[in-house]
Number of protein chains: 2
Amino acid sequence: MLPEFDIRPGIATLPASPIVEIANYGRSLGRSDLIPLWFGEGDVPTPAPIVEAGVKGLRDGRVFYTVQRGLPELRAALSGYLGRVHGVSVPVERITVTGSGMQAIMVAAQMLVGPGDEMAVVSPVWPNISAAVGVAGGTAVQVPMTLGNQGWTLDLEALFAACGPRTKAIFVNSPGNPTGWVMEKADMARLMEFARSRGLWVVSDEVYARLVYDRPAAPSFLEVSEPDDRLIVINSFSKNWSMTGWRLGWMVTPARLGPVLENLIQFSNSGVAEFVQLAGLTAIEQGEPFVAELVERCRAARDQVMAILGSLPRVRVQPPAGAFYAFFQVEGEPDSMALARRIIDEAGVGLAPGTAFGAGGDGALRLCFASRLESLKTALARMAPVLS
Amino acid sequence: MLPEFDIRPGIATLPASPIVEIANYGRSLGRSDLIPLWFGEGDVPTPAPIVEAGVKGLRDGRVFYTVQRGLPELRAALSGYLGRVHGVSVPVERITVTGSGMQAIMVAAQMLVGPGDEMAVVSPVWPNISAAVGVAGGTAVQVPMTLGNQGWTLDLEALFAACGPRTKAIFVNSPGNPTGWVMEKADMARLMEFARSRGLWVVSDEVYARLVYDRPAAPSFLEVSEPDDRLIVINSFSKNWSMTGWRLGWMVTPARLGPVLENLIQFSNSGVAEFVQLAGLTAIEQGEPFVAELVERCRAARDQVMAILGSLPRVRVQPPAGAFYAFFQVEGEPDSMALARRIIDEAGVGLAPGTAFGAGGDGALRLCFASRLESLKTALARMAPVLS
């Protein structure tokens, strides 16, 4: 009789993503009218010029092995993009193209933590962060933000206090998934200063930097750091340009990590398809109007969703400053997974349970509002009886 | 003053792939007439029907997040493929689609080895195997084959003797890269029996199973195992269907690993682009004539390359039974990296140095003959003065 999995215990006992769990549950019902708002993606496919760049790459035979850290022209375009958006100068030597933001996070975890090491992670946060740390053999120590009348706030002193002798890195995601929290530049500077003084790495997931509603872009740690600082910035094409399914991201690191990244990419997936990278190049070069449109669409959706959720007496919600999620509590419903299942069963709407997002997340639900207003209104109308 | 990399020592000191190293050297010269035979890929782009399936997927909007273990229709097609090629019945529950054979190897390493654990690896072998074991925290223990007048042979007793109390798995690649060695079914059965008796996993890289010159397909461990055996079979679309740059592979495992794989895929790259998977589906469904053509092309190339190499007095080479490499020694040239550089400098031909392939590989060079005869002849003519 074989043990259940018969593999490394730490891998066998990795918790499944509750987001994947609820989506698998929802899909298993085969309900054709289900409105899926559980993932961090919209319902608009990739813009046509980006798709056609991928098509051209395919038909031009860009289908061979490629350089590990990304096509030079894409890395150069990303350097220009970071200059335009954040006003920073990032040479191509610091830029590595990855097969998704997720891969960039996994590679960062592999570089920074092993058995006995800790990464402090500001939560509530996307569950895959802590999971990647676990796969690398390390331990994620979650430091929860608190929800008050001004929205989510991070107590920097509490974060610093959570960093002990085993801590190697601090993970921050701003604008935050699921909270929509945006870290201000002054706080980033303080955190960077603390990390410097302690020799810690900062891993900053800035995937939602463009999805912010009170300014053109959220602050980046690139704006408060030096080229040689222990800083890894993670980003992705998924959200800005509706490319979730393409699996394309990038990371910015000190240039000295270049040879290590060349190795880790080689040994993880051996690089990203060139035709996918060429589509990404078009996204960077021609995608600004789409980003602007996406932000406006999300702003309208946010206002609508907040108005409707806010009118339900049991719901406690605040408008997020960034990202595209409503992360809301429902009075008298402490079990978010049970509630998410009930909303699928009774309303045919797929939400992510707050329990997925670690410390500070339970008792909440996450709704992605990057969809057409009509779908959102239908979803909210169907959910209202369950939430009332 | 920061330490050089300032990250986990085991990751900072990962050796670079000498194949990547030589390719970077060759590319850095900017020589337009260079004939690159260093990678395991041909010079023929992906067949048009496969490309067009990818194009259709892109234009049909198959660009959203997807299920983690692969599209059900692709998994079903792979089950059928394994039945046709190896005469085995493999249910879809045992099949997981991955973002390259490399990713499958990394995921296998993550499941099986951590710090203190060993994986016995039959060498000479593609360097990325041992590297993936290292990234996972484990140690690869190479067990070299020997080259005699009958070609490469594996001493099974030596392999068994290399398995100690720390060994968790045995890695075999047949047909072998770079040797072309093909493990016979009886030896596979003996190895499987040994692994069973010791509670070890077998990881079998069968990427070249179709590239074999004396039968329709090389034997697979699937033919000598039970569904619940500790067996992981790795495969890829890269070689059979000229899809190296697409990054698409698959793995067969005991069904009980399904939930673990769902997690590890989620936390590595969160699944493979649907339009890439749809191209893979077309490869399985319509790609047999291409495989037949590829094998014939490689057989002709092999014969030609062997004839020419064999005529050079300093060269020692034997025709490989499988895969598409000539792996040959040159008398008086023990430093394969130096020789590979000299061949780039003096002949404008890119070969992989034998030192890349671990124990048993040094002093040899690997030439991939999956190219047009004309290129190969030109390359060999240019190399002849260096090798004479």
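Convention: sequence-line order gives letters A, B, ...; per-chain numbering from 1.
Within the 3.5 Å criterion, the main-chain N or O of A/Asp6 finds a donor-acceptor partner in the side chain of B/Trp201. Using a distance-only test at 3.5 Å, with no hydrogens or angles considered, no donor-acceptor pair links the side chain of A/Asn128 to the main chain of B/Phe267.
For the pair B/Val67 and A/Arg27, the minimum side-chain heavy-atom distance is below 4.5 Å. Inter-residue side-chain proximity for A/Phe64 and B/Ser242 is flagged as unmet; no heavy-atom pair is nearer than 4.5 Å. Side-chain contact between B/Leu14 and A/Val260 is absent, with no heavy atoms from C-beta onward closer than 4.5 Å.
A/Thr46 contributes atom OG1, which lies 7.5 Å from atom CZ of B/Phe275 (distance to the nearest 0.5 angstrom). Here the CG-CD1 distance, from A/Leu257 to B/Ile11, works out to 11.5 Å after rounding to the nearest 0.5 Å. Atom CG of residue A/Leu58 and atom CD1 of residue B/Ile50 lie 11.5 Å apart, to the nearest 0.5 angstrom. Here the straight-line distance linking atom CZ of A/Arg247 with atom OG1 of B/Thr66 works out to 10.0 Å at 0.5 Å rounding.
Residue B/Ala169 does not touch chain A at all, counting heavy-atom pairs closer than 4.5 Å. In this structure, chain B has heavy atoms under 4.5 Å from both the backbone and the side chain of A/Thr244. Proximity to chain A is absent for every atom of B/Val133, based on heavy atoms less than 4.5 angstrom apart. For B/Pro254, no part lies near chain A; criterion is any non-hydrogen pair under 4.5 Å. Only the backbone of B/Asp43 comes within less than 4.5 Å of a heavy atom of chain A; no side-chain atom from C-beta onward does. Using a 4.5 Å cut-off between heavy atoms, B/Val51 touches chain A through backbone and side chain atoms alike. In this structure, no portion of B/Thr98 lies under 4.5 Å from any heavy atom of chain A. Contact of B/Leu264 with chain A is made through the side chain alone, with heavy-atom distances under 4.5 Å. Only the side chain of B/Val20 comes within less than 4.5 Å of a heavy atom of chain A; its backbone N, CA, C and O stay farther away. Within the 4.5 angstrom heavy-atom criterion, atoms from both the backbone and the side chain of B/Gln110 approach chain A. Both the backbone and the side chain of B/Arg59 come within less than 4.5 Å of a heavy atom in chain A. Looking at B/Val107, neither its backbone nor its side chain comes within 4.5 Å of chain A, counting heavy atoms on both sides. Both the backbone and the side chain of B/Arg8 have a heavy atom closer than 4.5 Å to some heavy atom of chain A. With a threshold of 4.5 angstrom between heavy atoms, A/Ala136 approaches chain B through N, CA, C or O but not through any side-chain atom. Both the backbone and the side chain of A/Gln266 come within contact range of chain B, judged by heavy atoms closer than 4.5 Å. For chain A, the nearby parts of B/Asn269 are the backbone and the side chain; heavy atoms of each come within less than 4.5 Å.
Put simply, of B/Gly99, B/Gly61, B/Ser268, the one with the most heavy-atom pairs under 4.5 Å next to chain A is B/Ser268. When the candidates A/Val276, A/Asn24, A/Val113 are compared by the number of heavy-atom contacts under 4.5 Å with chain B, A/Val113 comes out ahead. Your options are A/Pro127, A/Pro15, A/Ala48, and the one with the most heavy-atom pairs under 4.5 Å with chain B is A/Pro15. With respect to chain B, the highest number of heavy-atom pairs below 4.5 Å among A/Ser270, A/Ala109, A/Gly54 belongs to A/Ser270. Counting heavy-atom pairs closer than 4.5 Å to chain B, the top-ranked of the candidates A/Ala16, A/Ala132, A/Gly10 is A/Ala16. Per-residue counts of heavy-atom pairs under 4.5 Å with chain B were compared for A/Gly101, A/Ser100, A/Ala104; the largest is that of A/Ser100.
Pairing each heavy atom of A/Tyr65 with each of B/Gly40, the nearest pair is CE1-O, 3.8 Å.
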